[in-house]
Number of protein chains: 4
Amino acid sequence: MKAKSKKAASRRAPVQERSQLTVEAILDTVIKLLKRRGASSITTNRIAEAAGVSIGSLYQYFPNKRAIFVALHERHIAQVDRIMERRMAESAESTLEELISSLIDGMIEAHATDPELSALLQAEVPHRADGTRDFSVRLHGAFRKALAPHAREFGSRTDLDMRAFFVSNMIDALGHAIVLRRPSGSSLSRARAELLRAILAYLGQNGSSPLPGLGVS
Amino acid sequence: MKAKSKKAASRRAPVQERSQLTVEAILDTVIKLLKRRGASSITTNRIAEAAGVSIGSLYQYFPNKRAIFVALHERHIAQVDRIMERRMAESAESTLEELISSLIDGMIEAHATDPELSALLQAEVPHRADGTRDFSVRLHGAFRKALAPHAREFGSRTDLDMRAFFVSNMIDALGHAIVLRRPSGSSLSRARAELLRAILAYLGQNGSSPLPGLGVS
Amino acid sequence: MKAKSKKAASRRAPVQERSQLTVEAILDTVIKLLKRRGASSITTNRIAEAAGVSIGSLYQYFPNKRAIFVALHERHIAQVDRIMERRMAESAESTLEELISSLIDGMIEAHATDPELSALLQAEVPHRADGTRDFSVRLHGAFRKALAPHAREFGSRTDLDMRAFFVSNMIDALGHAIVLRRPSGSSLSRARAELLRAILAYLGQNGSSPLPGLGVS
Amino acid sequence: MKAKSKKAASRRAPVQERSQLTVEAILDTVIKLLKRRGASSITTNRIAEAAGVSIGSLYQYFPNKRAIFVALHERHIAQVDRIMERRMAESAESTLEELISSLIDGMIEAHATDPELSALLQAEVPHRADGTRDFSVRLHGAFRKALAPHAREFGSRTDLDMRAFFVSNMIDALGHAIVLRRPSGSSLSRARAELLRAILAYLGQNGSSPLPGLGVS
DNA sequence: CATGAATGAGTGTTCATTCAT
DNA sequence: AATGAATGAACACTCATTCAT
């Protein structure tokens, strides 16, 4: 699930650190402008000004405007990545149900933090289709591993693959949906429970047995 | 599910028709340019030229550039709408399973026709968040009606609402996903069957009994 | 010596004509700015404003800034071309001396009209080396033809070629020099006579006899 | 013929020397960039980087960008100057023919070393008209002195002046021309001989006597 | 002296939109 | 209605130059 891992050597770089701070400041500013005025009115000069950086400096950190949006998407994805990765690590010893439950919460955590931003990023900020795909793909891969121990329950290898695909997409898409569009009048926790139920039902194989001891180990 | 219902006044038809044709031609051109060069290089002048229309005429049909994109999204949604509406009408007498099966096929039909376009519209062409929401909302409403006859099986009214929300989102999001991103090596029909199974399992209530009376058999 | 010969079909083009006028106006403006402020302070917006044309229109006629300078050079060369070509045509029946005399006057006419411009074009306005070369090459070719009838006087074909090369370069470079840098205190006509003498002496073969009957015929 | 004579104060030498080396390195880099990318893409930052000097240091040696180009032209002219000056000194006892022959060789030596650079400096690198003029003027002055002993052969003082002007310009312009544009198929030495012949013929005064004993003394 | 991050005025260029024909 | 030349505000981006370290 690691996106890029540009872990800075701890003491190596006051310069690097300041760079990183500036980059973060710029991206945060873009988010602010995105919410305040919408994507179409964002200009590089406005970003620079609002971020308290000279336009020249902005171009020292980003080669062009598109790169700023790309970085914004990447940072967002990396944040989700980090959350999900942590949860997967934590659930290493848990049952499958616990794992899925945790990942749903992760998804909710990731998107409920700033639902407006999530929506804007998807609807207004152009992003080569790969960005989203990458995330899906990583989540899919993670699930393939998580479900592998139970492979014999899912007929063939293709079955496992498909199952992982569905589960990852359900968590992603439905997690997204319940945060952003859940029917008015229903609580998030209620929706969360429903999502868990949906996934478990799907994995329940013909509704037969209720996942006896599906540890992730 | 009707998007706008611009029922043409019967006698103004000839004019309206030419207008309609021009509008269609323009939107088709936008799609072509979108695929060929990407959204960021689309300009109104280029659209007009590629569509064989003068820039002046283009502005006779669209008040500004954004309106073109809006119209494109609307047309796309309307197409999906039409397909789904037809299928819902056709399945008025069918079992729930048949309805869902049909709607899944509708979703696939809608997106498999031009997956590239679907992806582009979502990733590159800006669309106020409402566009997507509108569609979801309509599908949701439709499902509320479709599931209503079985209301007593789903405890409260809130339950029904939630159930409809999940089913509509699963059809939308997972239908989308299996067309655009399904794991290589798996067939669309296989994925389609899996999606149906997932939804039915979800509606199967705890995976226990098979929806007594709901025709799911 | 023909540069491009885009002689407009006489009635074909009111549009073309206006275009041509605008282009000329722009180039004239560039010259004015060149003289007034120097090449380094010329901007496309300033050109447009000074020419009374919108910047957008300017870019309808020239794809970029460099093209403006290229066009300016080309126009200048074309003017010299035209003058020289006319003189060569007029001297078809004259002696070689008369031809050379006429071409010297042509060169002077060409550069004396606006010596400042000539100097600026050469010193400040960037021009791919070919521009100048082209002119030299055409003049060289012209002289090869002019001297051909006297080929037997100049040993081999290489000799003729070399002779034509020297004469064309003397007319070009020295004609240029006497207009722009001739020693203060000497008249142009005096310098002109000296140039003629220099060329004739050069062609006089060892300075021996005074060009016996070198008619161009 | 001395261009500037920045005779280094003997004791500041080490510093001066390093400075001088840096300046030379910068100018050499400019030439490299000039050849590689063309004048229009040269920036001070690129120069500094390619020269392995910090941009700050570059500005320690040159007050602004223009100064770099000026220095480049001056260095080039100084090189030619040096060559020509040496040759004039060496030919102090020679005949006029020998002097001229030597200066032609000097001109060839100067430009044949790096013809591409010569062309670039003239065509792409902006230079106030004075730069070229200066050189011409100095060569002109030198010739005035060289021809002075034979003043009585050239009628008036004005005559002498004019003669010196023509000879210096012929050496300059035609020397340049034979190096850079001589007709394909002719050797440089052949062209060199032709240039000498042209100048001698010009000085031959009506083609009469062949310059009896025109020492420069 | 050296450095190179930072600056920001200014540039070339685009492109949505208008409007006279 | 249709046209498309013209517009010019606005944009992304550059680059000569400075100055704190």
Side-chain angles (χ1 to χ4, degrees), chain A residues 13-16 18-19 21-22 40-49 51-69, chain B residues 14-15 18-19 22 40-49 51-69, chain C residues 14-16 18-19 22 40-49 51-69, chain D residues 14-15 18-19 22 40-49 51-69:
Chain A
V15 179
Q16 288 268 10
R18 265 199 54 193
S19 288
L21 283 181
T22 306
S40 64
S41 77
I42 286 190
T43 72
T44 50
N45 282 289
R46 271 207 261 277
I47 293 171
E49 190 184 24
V53 178
S54 78
I55 179 66
S57 291
L58 183 148
Y59 273 90
Q60 219 136 27
Y61 295 112
F62 297 96
N64 54 49
K65 192 187 182 184
R66 223 169 72 63
I68 299 175
F69 288 141
Chain B
V15 178
R18 259 198 56 195
S19 288
T22 306
S40 63
S41 77
I42 285 192
T43 73
T44 49
N45 282 288
R46 269 208 261 275
I47 293 171
E49 190 187 23
V53 178
S54 77
I55 179 67
S57 291
L58 184 148
Y59 273 88
Q60 209 111 37
Y61 295 111
F62 298 96
N64 55 49
K65 193 188 184 185
R66 225 170 70 63
I68 299 175
F69 287 140
Chain C
V15 179
Q16 288 268 10
R18 264 198 55 192
S19 287
T22 306
S40 63
S41 77
I42 285 190
T43 73
T44 50
N45 281 288
R46 270 208 262 276
I47 293 171
E49 189 184 24
V53 179
S54 77
I55 179 66
S57 291
L58 184 149
Y59 273 89
Q60 219 135 29
Y61 295 113
F62 298 96
N64 54 50
K65 192 186 183 185
R66 223 169 72 63
I68 299 175
F69 287 140
Chain D
V15 178
R18 260 197 56 193
S19 289
T22 306
S40 63
S41 77
I42 286 191
T43 72
T44 50
N45 282 288
R46 268 207 264 276
I47 293 170
E49 190 187 24
V53 178
S54 76
I55 180 65
S57 291
L58 184 149
Y59 273 87
Q60 208 110 37
Y61 295 111
F62 297 96
N64 55 48
K65 193 189 184 185
R66 226 170 71 63
I68 300 175
F69 287 142

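The structure displayed is predicted, hence computed values, not measured ones. Just so you know, these numbers use all the heavy atoms, side chains as well, and skip hydrogens, waters and symmetry mates. Letters go in sequence order (proteins before strands), and every chain restarts at 1.
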Using atom names, set out every protein N or O paired with an N or O of nucleotides 7-9 of chain E below 3.5 Å, distance rounded to 0.1 Å.
{"residue": "E:dT7", "atom": "OP2", "partner": "A:Ser54", "partner atom": "N", "Å": "3.3"}
{"residue": "E:dT7", "atom": "OP2", "partner": "A:Ser54", "partner atom": "OG", "Å": "3.1"}
{"residue": "E:dT7", "atom": "OP2", "partner": "A:Ser57", "partner atom": "OG", "Å": "2.9"}
{"residue": "E:dG8", "atom": "N7", "partner": "A:Gly56", "partner atom": "N", "Å": "3.2"}

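Nearest approach of C:Asn64 to C:Tyr59, heavy atoms of both residues: CA-CE2, 4.0 Å. Residue B:Ile42 comes nearest to B:Lys65 through the heavy atom pair O-NZ, 2.9 Å, listed as atom of the first residue, atom of the second, then distance.
Taken residue by residue, residues 62-69 of chain B places heavy atoms nearer than 4.0 Å to DNA chain E at B:Asn64, B:Lys65.
In this model, the phosphate group of F:dA16 is approached by a side-chain N or O of D:Thr44 to a distance below 4.0 Å at OP1 or OP2. Checking the phosphate oxygens (OP1, OP2) of F:dA6, a side-chain nitrogen or oxygen of C:Tyr61 falls inside 4.0 Å. Taking 4.0 angstrom as the limit, C:Arg46 places none of its side-chain polar atoms (N or O) nearer than this to OP1 or OP2 of E:dG12.
Summarising the geometry, the separation between CD1 on A:Ile47 and P on F:dC11 is reported as 11 Å, rounded to the nearest angstrom. Whole-Å rounding puts the D:Tyr59 OH to F:dC15 P distance at 12 Å. In this structure, CD of A:Glu49 is placed 14 Å from P of F:dA12, rounded to the nearest angstrom. In this structure, CD1 of B:Ile42 is placed 10 Å from P of E:dA16, rounded to the nearest angstrom.
Separation of atoms OG (C:Ser54) and CD (C:Gln60) is listed at 8.0 Å; rounding is to 0.5 Å.
In this structure, D:Ser41 and D:Arg46 have side chains that are in contact, with non-hydrogen atoms separated by less than 4.5 Å. Between C:Leu58 and C:Ile68 the shortest side-chain heavy-atom distance falls below 4.5 Å.
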*Give the dot-bracket string for DNA chain F, reading 5' to 3', where a pair is Watson-Crick or G-U wobble with both distances under 3.5 Å, ( ) marks pairs inside the strand, [ ] marks pairs crossing earlier ones, | marks a partner on another strand, and . marks unpaired.*
.||||||||||||||||||||

